Amino acid sequence: MNIIKELLHAYSAWGVFFMEKEAIYILDRSKIEILGIKSVIGFDEEGIYLILEDETLTVGGENLHVEVLELEEGRMVATGRIISLIYEKKKARTRFLDRFRR
């Protein structure tokens with residue numbers, strides 16, 4: 001598991017994170033825009049759970065509200081108090097017997 005920023009206090013005004021095919025823009029820890037979204041697992045006031053190209057991204061916070069969701073463009077904008085971003089690479093699927101071959 002890769003944690004992009006567990007605490008975003010270092011970015012008092014704004015922060016920008018670029019990954020392989022995605023971009024995340026954060027403004028005052030109260031607004032976030034994410035580009036490169038493939039699908040949404042779910043969201044509530046405490047978390048937004050997204051699927052990116054080969055990764056998952058969890059936005060943790062308080063009073064989170066999805067303002068814009070454009071899956072065709074791969075874009076989402078949310079507001080609320082942003083506390084954490086957790087970025088996880090998906091593990092490659094292997095067949096059971098492949099594990100024993102070397």
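What you see below is based on every heavy atom in this structure, not just the backbone, and it leaves out hydrogens, waters and symmetry mates. All of these numbers come straight from a predicted model, not from anything done at the bench.
Proximity of Glu45 to His65: side-chain heavy atoms (C-beta onward) are separated by under 4.5 Å at one or more points.
Rounding to the nearest 0.5 angstrom, the gap separating the CG atom in Leu52 from the CD atom in Glu88 is 11.0 Å. Rounded to the nearest 0.5 Å, atoms CZ (Arg81) and CZ (Arg29) are 5.0 Å apart. Interatomic distance, Asn63 CG to Ser30 OG, rounded to the nearest 0.5 Å: 12.0 Å.
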Test log, rule side chain to side chain contact (heavy atoms under 4.5 Å, CB included), inputs Thr58 and Leu85
CA-CA 6 Å; Thr58 301; Leu85 300 176; over 6 Å; no

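No more than 12 heavy atoms of other residues, nucleotides or ligands lie within 6.0 Å of CZ in Phe43, so this atom counts as exposed by the packing criterion.
Remark: Glu53 pairs with Lys21, Glu22, Lys38, Glu55 by the side-chain contact (heavy atoms from CB on, under 4.5 Å) rule, at least two apart or across chains.
Note on Ile32: it clusters hydrophobically with Leu69, by side-chain heavy-atom contacts below 4.5 Å among ILVMFWY residues. Cluster annotation: Ile24 and Ile41 are assigned to distinct hydrophobic clusters (Ile/Leu/Val/Met/Phe/Trp/Tyr, side-chain heavy-atom contacts under 4.5 Å, transitive). Ile51 and Ile34 are members of different hydrophobic clusters when ILVMFWY side chains are connected at heavy-atom separations under 4.5 Å.
Taking each heavy atom of Val77 and Glu33 in turn, the nearest pair found is CG2-CG, 3.9 Å. The minimum heavy-atom distance linking Glu46 with Leu64 is given by the pair C-CD1, 3.9 Å.
Just one residue in the list Val40, Leu57, Val68, Leu50 forms a side chain to side chain contact (heavy atoms under 4.5 Å, CB included) with Met76, and that residue is Leu50.
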